[in-house]
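See structure below.
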Amino acid sequence: MKSGNGSVSARIREVVRTIPPGRVASYGDVAAAAGNPRASRAVVWALRSAPDTDPAGRLPWHRVVNRAGSVSAHEGQELQRVLLEAEGVEFGLAGTIDMERYRWRF
DNA sequence: CGTATGACGAGCC
DNA sequence: AGGCTCGCCATAC
């Protein structure tokens, strides 16, 4: 089954949808908002599997970065960065985001 | 139930 | 700074 709804993964996706444009959140933040501050890997799994399960759900996965404020996407890191910059998120020379400034507070 | 996967996080060297 | 190990979690098979 699609890992279905009602599951933690579904909850994670909802949390991610809560992140407004121009804001970012770390995997750990999303996990915490979903109920488990240590389930960052569950978030990875959820986002890793979600795209195909919610083509219409448009999950703003690009707003989720690692704690260091850098893009860890397995692919499409450029796309992720472009999308974020388009929303107003600035990247440092090291390719990192100022989490203190753009981190979304749930 | 045991093993493997995954875009993490924190710690250690 | 860069790289590796271990811990945590949810899901799939």
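We use all heavy atoms of the structure for the numbers below, so side chains are in, but hydrogens, waters and symmetry mates are not. So that the names make sense, note that chain A is the first sequence line, chain B the second, and so on, each numbered from 1.
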Inset, instruction - Could you tell me the separation between the CG atom of A/L84 and the P atom of B/dA7, rounded to a whole number of Å? - result: 18 Å
Inset, instruction - Give me the one residue out of A/V8, A/V30, A/V15, A/D29 that meets side-chain contact (heavy atoms from CB on, under 4.5 Å) with A/V43. - result: A/V30
Inset, instruction - Report the distance from atom CZ of A/R103 to atom P of B/dC8, rounded to the nearest whole Å. - result: 17 Å
Legend entry - Within 45° cone and under 6.0 Å: A/R81 NZ/CZ vs A/F91 ring: yes
Legend entry - Euclidean distance for C1', B/dA7 against C/dC13 (whole angstrom): 22 Å
Legend entry - With A/R38 via side chain to side chain contact (heavy atoms under 4.5 Å, CB included) - residues at least two apart: none
Inset, instruction - Grab the two heavy atoms, one from A/L79 and one from A/W61, that are nearest each other, plus how far apart they are. - result: CD2-CZ2, 4.2 Å
Inset, instruction - Taking only the side-chain heavy atoms of A/N66 (C-beta and beyond), determine which of C/dA12, B/dC8, B/dA7 contains the nearest atom. - result: B/dC8
Inset, instruction - In whole angstrom, give the distance that lies between atom CD of A/Q80 and atom C1' of B/dC8. - result: 14 Å
Legend entry - Separation of B/dC8 P from A/W61 CH2 (nearest whole Å): 13 Å
Legend entry - A/E78 side, atom CD; A/L83 side, atom CG - distance, nearest 0.5 Å: 11.5 Å
Legend entry - Per-nucleotide protein contact string for nucleotides 2-9 of chain C, where B marks a base within reach and S marks sugar-phosphate only (heavy atoms under 4.0 Å, - for neither): -----BBB
Inset, instruction - Output yes when at least one side-chain N/O atom of A/S49 is less than 4.0 Å from OP1 or OP2 of B/dG6, else no. - result: no
Inset, instruction - Apply the side chain to side chain donor-acceptor pair (under 3.5 Å) test between A/N66 and each candidate in A/S26, A/S40, A/S72; give the one that qualifies. - result: A/S72
Inset, instruction - Check side chain to side chain contact (heavy atoms under 4.5 Å, CB included) between A/A86 and all other residues, then give those that pass, not counting sequence neighbours. - result: none
Legend entry - From B/dG9, B/dA7, C/dT11, nucleotide with atom closest to A/R67 side chain: B/dG9
Legend entry - Distance, rounded to the nearest Å, where A/W45 contributes CH2 and C/dC13 contributes C1': 12 Å
Legend entry - Between P of B/dA10 and OH of A/Y27, the distance in whole Å: 14 Å
Inset, instruction - Look at the side-chain N and O atoms of A/S9 and state whether any lies under 4.0 Å from the OP1 or OP2 oxygen of C/dT11. - result: yes
